Amino acid sequence: MAKHETPLLDQLESGPWPSFVSDLKQQAEVRAKNEAGVEFQIPQDAVEDLLGVLELSFKHGRTHWKHGGIVGVFGYGGGVIGRYCDQPKLFPGVEHFHTMRVAQPCGKYYKTSYLRELTKLWDFRGSGVTNMHGATGDIIFLGTTTPQLEEIFYTLTHDLNQDLGGSGSNLRTPADCLGSSRCQYACYDSNALCHFLTNEYQDELHRPAFPYKFKFKMDACPNGCVASIARSDMSFIGTWRDAIKVDQDAVNKYVENDPGYPANAGAHKGKDWGPFDIEKEVLALCPTKCMKFENKTLSIDNANCTRCMHCINTMPRALRIGDDRGCSILVGAKAPILDGAQMGSLLVPFVEVNPENDYEAITEVIESIWDWWMEEGKNRERLGELIMRQGFQKLLEVTGIDPQPQHVAYPRTNPYIFWKEDEVDGGWERDVVEYRKHHLR
Amino acid sequence: MAKHETPLLDQLESGPWPSFVSDLKQQAEVRAKNEAGVEFQIPQDAVEDLLGVLELSFKHGRTHWKHGGIVGVFGYGGGVIGRYCDQPKLFPGVEHFHTMRVAQPCGKYYKTSYLRELTKLWDFRGSGVTNMHGATGDIIFLGTTTPQLEEIFYTLTHDLNQDLGGSGSNLRTPADCLGSSRCQYACYDSNALCHFLTNEYQDELHRPAFPYKFKFKMDACPNGCVASIARSDMSFIGTWRDAIKVDQDAVNKYVENDPGYPANAGAHKGKDWGPFDIEKEVLALCPTKCMKFENKTLSIDNANCTRCMHCINTMPRALRIGDDRGCSILVGAKAPILDGAQMGSLLVPFVEVNPENDYEAITEVIESIWDWWMEEGKNRERLGELIMRQGFQKLLEVTGIDPQPQHVAYPRTNPYIFWKEDEVDGGWERDVVEYRKHHLR
Amino acid sequence: MAFISSGYNPEKPMENRITDIGPRHFEEFYPEVIKKNKGKWSHHEILEPGVLVHVAESGDEVYTVRVGGCRLMSTTHINEICEIAEKHCDGHLRFTTRNNIEFMVDSKDKVEPLKNDLKSRKFPGGSYKFPIGGTGAGVTNIVHTQGWIHCHTPATDASGTVKATMDVLFDDFQQMRLPAQLRVSMACCLNMCGAVHCSDIAILGYHRKPPMIDHEYLDRLCEIPLAISACPTAAIKPAKVTLDDGKEVKSVEIKNERCMFCGNCYTMCPSLPLADTEGDGIVLMAGGKVSNRISDPKFSKVVVAFLPNEMPRWPSMTDAITKMVNAYSNGANKYERLGDWAERIGWEKFFEVCELDFTHHLIDDFRQQAYMSWRQSTQFKF
Amino acid sequence: MAFISSGYNPEKPMENRITDIGPRHFEEFYPEVIKKNKGKWSHHEILEPGVLVHVAESGDEVYTVRVGGCRLMSTTHINEICEIAEKHCDGHLRFTTRNNIEFMVDSKDKVEPLKNDLKSRKFPGGSYKFPIGGTGAGVTNIVHTQGWIHCHTPATDASGTVKATMDVLFDDFQQMRLPAQLRVSMACCLNMCGAVHCSDIAILGYHRKPPMIDHEYLDRLCEIPLAISACPTAAIKPAKVTLDDGKEVKSVEIKNERCMFCGNCYTMCPSLPLADTEGDGIVLMAGGKVSNRISDPKFSKVVVAFLPNEMPRWPSMTDAITKMVNAYSNGANKYERLGDWAERIGWEKFFEVCELDFTHHLIDDFRQQAYMSWRQSTQFKF
Ligand code: SRM
Ligand code: SRM
Ligand code: SRM
Ligand code: SRM
Ligand code: SF4
Ligand code: SF4
Ligand code: SF4
Ligand code: SF4
Ligand code: SF4
Ligand code: SF4
Ligand code: SF4
Ligand code: SF4
């Protein structure tokens, strides 16, 4: 029998979508029964109390968690979020209920043997409740007590060959789309770049030296499956510089409505949209109208293509990304606080993604940006805010990148140009007396 | 022989476009000769000196005019711009060189008898140099001395039945497109509205009671021939609410390339663009794609038409504006200083333009806005800046206009909503002690 | 509950310490067929909702069955996932960027048994443990945040609002009848850990009452200058306050009319709680996107300024969402994202066809760029 | 030069004073055919560049011949205009909103004599007095401001730059070969009396040196607080300054790096002059429009950050303008305004085809909305 009555939560057990309430209840029961004979290092009824406190919130319409204190593992400035219940008497099992962020493997592929090691550890030393995964990408262990933190870290590093992820004013755990591992659209190996940067910058990830958090995300093509442009201070989005590769036979299969060639790889199968119409569905929707289909031949004016992916997505068996591949780097995305949300702004139109030289071209950009931000960024100022405050020009200056029209959606609409003294003939110092000779008062 | 050498200006006498230099020179000569025997009330060589000082500016690359002092006619706070030369020794003829703004007739139609009265007065009491017209719309008398101001005003009002225009923190002289006087697109009589408001608000025009300048402009249709949306604090743009009127026979004449029906009334005659193609030139360019041409019949889904004028402009003999006519009011346009330029923002989607009741529906909006701006506007704060500072909501509140999605291009992207206390159940006062009973520290 | 050491010695924290090793290498975890064909994929097809095949240049195929993940997940549930993966997939699986689970098999005949197994598993309350779907032109999992399950600043619950929403959108999770993909996201406060600002539909927890001030404790628990500077609207000032017992303490004063309830001060100072039963609730946003396909990525717009927290199923919220999804589904063109549709028909028509009220709250008044969202045109629909 | 009184008595200014009578009533001035058919026009046609016919429902016609007006105009010139109007048009004429002159006749046979008369009139230097044109898909008159002829704040001349530009664009004034109308505007300082911010092509005078400070006179001639508060970037501070003669005066100090040369302080205070031979010059903007046709009105964008004042014909400026007009003319679709064309091909292509340099100055860094002009997309052309 449940420790707390949860009439409101119980109503979330019905309905088709997996019920987190049912799952928590099953977990509570498993812990209560403890058939595996686990020597629980935190209260056995933690999950019962978690349900209890959540029910109370459902009743009150308010959270019952307090600010976390500063808890963590020795030498790391992140990876743990402290959390305490504001009704510890009622719910002692969750009085301390910290989360740990465990760095996820790039691409989020798993072997079950590894997952089972994780669950075993977490049953033993934590609540057995997780997030798979956190919004940044980490594996989230949800709920343990302070004394367990070092123990868990020890086991993770010694037995699981596994480190914590980021939190605090650090580099956060980078995240990626699955990329070339299983996607024909990938312009670079996002898993490899993500893994490399995560390891290259372990120090930045674990030891807070930044003004605020900093996030990397890798989308291996402009489809943006890890939403990097919305959620990362630095977003690496795959692209190419040469021509889209066209298989004309396959194009015609689409045009002929060959069943082996469903439009958009079948993504629209749930409704009858009528036969595929290349004019209407591809050419007319191309944002630059740079395609032609004449005499059964599709031609693309690649100089005017903006690589939006639409035609490729729509006819994936006929069109392929080009061969001269790399990525664009966009910077500054962030959530709304304080001055409003930002999406990433294009900083590097194209850069090679080259593991052979340890992604030199990319780490150069990263490090010049960090140097600037660490020098100039105010406390709790995200990169995007610094760019807004000091100007995009400044960003170009510190990264040594030439201004290009690609940097803007449109040139400035105001003529308020801050000229620098050395750009203006004769400098700024002038003699008003001399001036007054020609211009009486 | 010219008083001053003007080698630089002389180069502007060549070339096909009317040369202002040639005109000034002819004027200088006319004054020098004075065949009409005018008893010039300001220096006869004023125009020579004007050429001289301008030549000096061409040499220096700098202006030679100083700030105007406060000059004007008794009881009026505007209509005159003071101006003094900063090299009076060299150019005594333009030492004092004030401008007077003479209110232009709406629609800018003239009888020559009237124009000749103006030129006579101006030859007599001023430089004989004008702007036809100033950027706001006034007839500009360019260059006279302080003692002449009252004299000119007296003659204007007594003999020419003519008043000055605006300057200073006043209502400025309203301006309009020619409207229904000669244009089939006019949705209201812009000349009449312009004249009415100019006279209705003579007090606001002549006696500075505003925080800063305020401009009205009237475009009788969305083509915007007086650019009101860019240049007036309050812009009255004609529109209609019912269906575009279609003459199907005429449509087909266009389709058949009948020479009596040139596309866009012949505006593109200078180049061979090929035969008129209604699909490409009209339907495909309609911003809302709300038109169809089938079986020789043009149909318009008027509920989705945004009255952009394109189809009407393109086939003016076939399409006519609707019958339920009025205007939209947009507010806040202004030049860039201080916070950047603004275009007018839509405040009143539709209002009737009714001379029968003295445009009551319009004057109500004007006056409620003025009340607010005069109450809240800071010194030198344009209406647009006040709206930015206090919010568009505030503008709706003071004008009593219901918020409508028509007011926005898109709803806000940030959720930073400033709720008011009375909108929130239970108000804002809360008891932290009571709260702490449920939420321990 | 005896304490059992992992081997860690608190006396000598640096002894044998291993740090900075990062995550496990992804290659360890790739299924065989992935490892072999990585970078050499030819094309893919969504065979039916939730079932994809990717075909390699080599001719190899990998079949993926995607199932809904309710990302707040117990170890028991994870173990069950492992059990399935071991049974069908050689012990491999992956999670998607939207917290779905993907089971991959390397030949077509393994798909049906896997699907049947997945479909057969339900929780006692009747919900699916592993609903198949979430692909193509449909609704997939809602990315979301902690809510009342773990965070101290939420204005609503995350898992609860998500469960309520996914139940009403469940058909579209298992179908692909929409004009394009429709991404719903959820964040329980303005910190927006779900980065919902670029979603087709976004559920956002929002406070509407200025913070209470716990004067008695404030100076003891908070750094007053940090709290003050945290406020984006400069609503907070330092103040001296006399408590009921006559004691004078340092504290702060809040200009309530300047507050837009962002909670940033509370993040810096626990003595400034905002949460309130009536004050807190939901903001709905719509029309954002992230992909660069056809149109540029774009921000979501606020379309419903406030809905109360109605536990446990937030019916007003799910109702408004349903209206939007239906209107979109009826009105948009093939391939057209919700925001592109709204822009094409005009936001005035969006409110009309979605049967949502337009209120003054939806007009931007935050900072100067608000201006750009007003209508500088005579082009509008009546 | 004896003073002659108008009748005004300075001793008794209110005697017989007439005020607030406004402008003359427009109806006095309408030509007969206009008065008769007002509000009842059926349609119009541009017969040839500069010549329009408007046909009324009554069948009446009015033929309009439009000629370039160089709006800085002497009374001598106005009298000549009157002479023409009296000869051909019953003494009526009008000015357009862009300072052209329109001569109207009520029957077709009156058009040729009028045209011939107009064409025959030239200034001694060779320029036309009354060039016919300015209609339809071409270039019309440049709206402009005072410049060095009368204002105290210009950074360039108005009439001079306009004459130079119209001379190079003259063919397009007399043709209608462009994709759509192309409106050039000119303003000689940032006050933008020409409201050039929404023009296809805008010529703008701009300073590039912070004000000099005339310490000796400043406090005597200016209100220091007004000068300080006039500065949009808060670059000006009050200061005490010791003059060469040892006298200490109140004055101001300017943080030069914060100055963006707007001249607003100079507007408030004549002791802060900015004008400078090398510092001053021209900014070119492009791509704005005012009409609501097809696309919304839009702001012009800065496309050339600076060109020096090259008197008397500003060749670098006219060269850049010519390049834009030619590229537009070659590249745009029928009915497409310059800004719509630039947006369609992308601004990166605009700079390429117009052969203009893109420099860091063209990236917005003024206030927060600058952000919106950066590129938040991977869609761009190489
Ligand atoms: C598995 C996953 C990547 C991963 O590393 O985990 C993934 C996988 C694929 N995406 Fe994605 N996308 C995934 C998240 C995303 C996201 C991110 C998000 O929603 O947070 C986006 C951006 C969404 C947005 O714009 O708001 C995304 C935008 C796309 C698009 C662009 C669609 C559009 O109309 O804008 C495509 C192209 C397409 O659908 O043809 C695409 C295409 C694909 C393809 C077809 C790529 C491929 O060839 O394998 C994959 C299967 C599509 C499908 O499910 O229908 N994927 N895709 C993610 C699955 C999430 C889920 O569980 O539902
Ligand atoms: C766990 C997680 C939400 C989740 O349910 O998944 C989370 C949870 C918290 N976030 Fe977050 N953020 C999480 C991803 C995000 C994201 C999404 C992302 O990374 O893609 C964002 C938006 C993107 C961004 O970074 O801008 C995000 C933007 C914030 C912010 C606002 C930052 C800003 O610059 O505006 C805060 C406020 C702060 O840092 O004080 C914040 C703060 C917090 C805190 C630490 C609350 C606080 O103020 O102390 C939350 C702790 C909750 C708890 O008790 O467990 N969190 N946070 C996510 C991290 C899991 C992981 O490591 O995988
Ligand atoms: C005479 C004048 C009104 C007046 O009260 O003085 C006028 C008269 C006409 N305009 Fe205009 N427009 C006049 C200034 C304008 C302006 C204002 C400006 O340029 O400062 C605009 C807005 C410009 C902008 O968007 O930047 C303007 C935008 C239009 C349009 C929209 C064109 C477009 O492609 O966006 C039309 C429609 C058309 O051309 O078919 C139009 C159409 C017309 C028509 C055809 C209306 C009619 O049926 O009579 C008139 C003759 C057009 C022609 O010249 O080709 N008129 N027209 C103005 C002549 C100025 C000049 O001397 O050149
Ligand atoms: C004469 C005229 C220019 C012209 O050559 O035609 C003019 C001339 C001056 N304008 Fe203007 N403005 C003139 C139309 C405009 C317009 C255009 C319009 O009205 O359509 C604008 C832009 C629209 C607007 O109002 O925003 C305009 C925006 C300014 C500004 C900036 C106002 C702002 O809010 O940013 C100033 C600065 C000021 O007021 O201190 C200004 C100030 C001035 C002053 C008074 C200079 C000053 O700071 O003292 C100029 C006197 C010049 C002189 O000595 O003759 N003038 N001014 C125009 C008035 C003639 C007329 O009455 O018909
Ligand atoms: S972002 Fe592109 S490469 Fe990555 S998974 Fe999505 S579609 Fe594939
Ligand atoms: S990728 Fe996009 S822009 Fe390029 S051709 Fe295809 S649809 Fe057009
Ligand atoms: S604004 Fe409209 S009504 Fe006025 S003149 Fe221009 S086209 Fe005619
Ligand atoms: S007026 Fe504009 S929106 Fe309306 S039908 Fe014509 S082209 Fe379309
Ligand atoms: S969105 Fe806010 S309430 Fe929700 S987890 Fe993030 S910080 Fe906590
Ligand atoms: S909630 Fe936000 S706006 Fe309100 S006082 Fe706190 S920090 Fe300021
Ligand atoms: S734009 Fe500037 S310089 Fe030119 S007339 Fe107007 S205020 Fe004077
Ligand atoms: S010119 Fe403008 S920015 Fe520079 S000091 Fe003067 S007011 Fe400030």
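The structure presented is a predicted model; accordingly, all values stated were derived computationally and were not measured. Note on naming: letters A, B, ... go to the chains in the order of the sequence lines (proteins, then strands), and numbering restarts at 1 for each one.
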Which answer fits [X], side chain, backbone, both or neither, if we ask what part of it has an atom under 4.5 Å from a heavy atom of chain B?
X	answer
C/Ala370	neither
C/Thr233	side chain
C/Thr359	backbone
C/Phe382	both
C/Pro273	both
C/Met192	side chain
C/Glu352	neither
C/Ser300	backbone
C/Arg258	backbone
C/Ala275	both
C/Lys349	side chain
C/Ile363	both
C/Phe366	both
C/Pro270	backbone

Please check: side-chain N/O of [X] versus main-chain N/O of [Y], any donor-acceptor pairing under 3.5 Å?
X	Y	answer
B/Glu385	B/Lys378	no
C/Asn264	C/Ala230	yes
B/Tyr435	C/Met212	no
C/Lys301	C/Leu362	no
B/Lys334	B/Gly340	yes
B/Ser190	B/Ala220	no

May I ask you to name which of [options] has the most heavy-atom pairs under 4.5 Å with chain C?
options	result
B/Ser328, B/Ala333, B/Cys308	B/Cys308
B/Glu421, B/Gln404, B/Glu429, B/Met309	B/Gln404
B/Asn304, B/Asp402, B/Ile229	B/Asn304
B/Glu397, B/Met388, B/Arg307, B/Lys394	B/Arg307
B/Gly427, B/Cys290, B/Pro411	B/Pro411
B/Pro415, B/Pro222, B/Gly384, B/Gly332	B/Pro415

Quiz item: Centroid-to-centroid, B/Phe392 to B/His407, below 6.0 Å?
Solution: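 When the ring centroids of B/Phe392 and B/His407 are compared, they turn out to be within the sub-6.0 Å range.
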Quiz item: Between C/Trp341 and C/Phe350, is the ring centre distance below 6.0 Å?
Solution: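 Yes, the ring of C/Trp341 comes within the 6.0 Å limit of the ring of C/Phe350, centre to centre.
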Looking at [X] and [Y], does any basic side-chain N land under 4.0 Å from a carboxylate oxygen?
X	Y	result
C/Asp276	C/Arg208	no
B/Glu376	B/Arg389	no
B/Arg412	C/Asp365	yes

For chain B, find which of [options] contributes the most heavy-atom pairs closer than 4.5 angstrom.
options	value
C/Glu278, C/Gln368, C/Met372	C/Gln368
C/Val303, C/Val283, C/Leu204, C/Leu190	C/Leu190
C/Lys298, C/Glu348, C/His215	C/Glu348

Quiz item: Under a 4.5 Å cut-off applied to non-hydrogen side-chain atoms, are C/Lys381 and B/Thr288 in contact?
Solution: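 In short, these two side chains touch, coming nearer than 4.5 Å.
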Quiz item: Would a 4.5 Å heavy-atom cut-off, applied to side chains only, mark C/Ile224 and C/Val252 as touching?
Solution: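 A side-chain contact under 4.5 Å exists here.
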Is it the side chain or the backbone of [X] that comes within 4.5 Å of chain C heavy atoms, both, or neither?
X	answer
B/Ile417	both
B/Ile387	both
B/Cys305	backbone
B/Glu423	both
B/Asn302	neither

Practice problem: Would you verify whether the NZ or CZ of C/Arg375 falls within 45 degrees of the ring axis of C/Phe380 while also being under 6.0 Å from that six-membered ring's centre? | Solution: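 No, C/Arg375 does not lie over the aromatic ring of C/Phe380.
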Exercise. For the pair C/Tyr266 and C/His152, name the ring-plane relationship: parallel under 30°, tilted 30 to 60°, perpendicular over 60°.
Key: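 Judged by the thresholds at 30° and 60°, the geometry between C/Tyr266 and C/His152 is tilted.
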Quiz item: How about C/Lys323: does its NZ atom have over 12 heavy atoms from other parts shown lying under 6.0 Å from it?
Solution: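 Check passes, neighbour count above 12.
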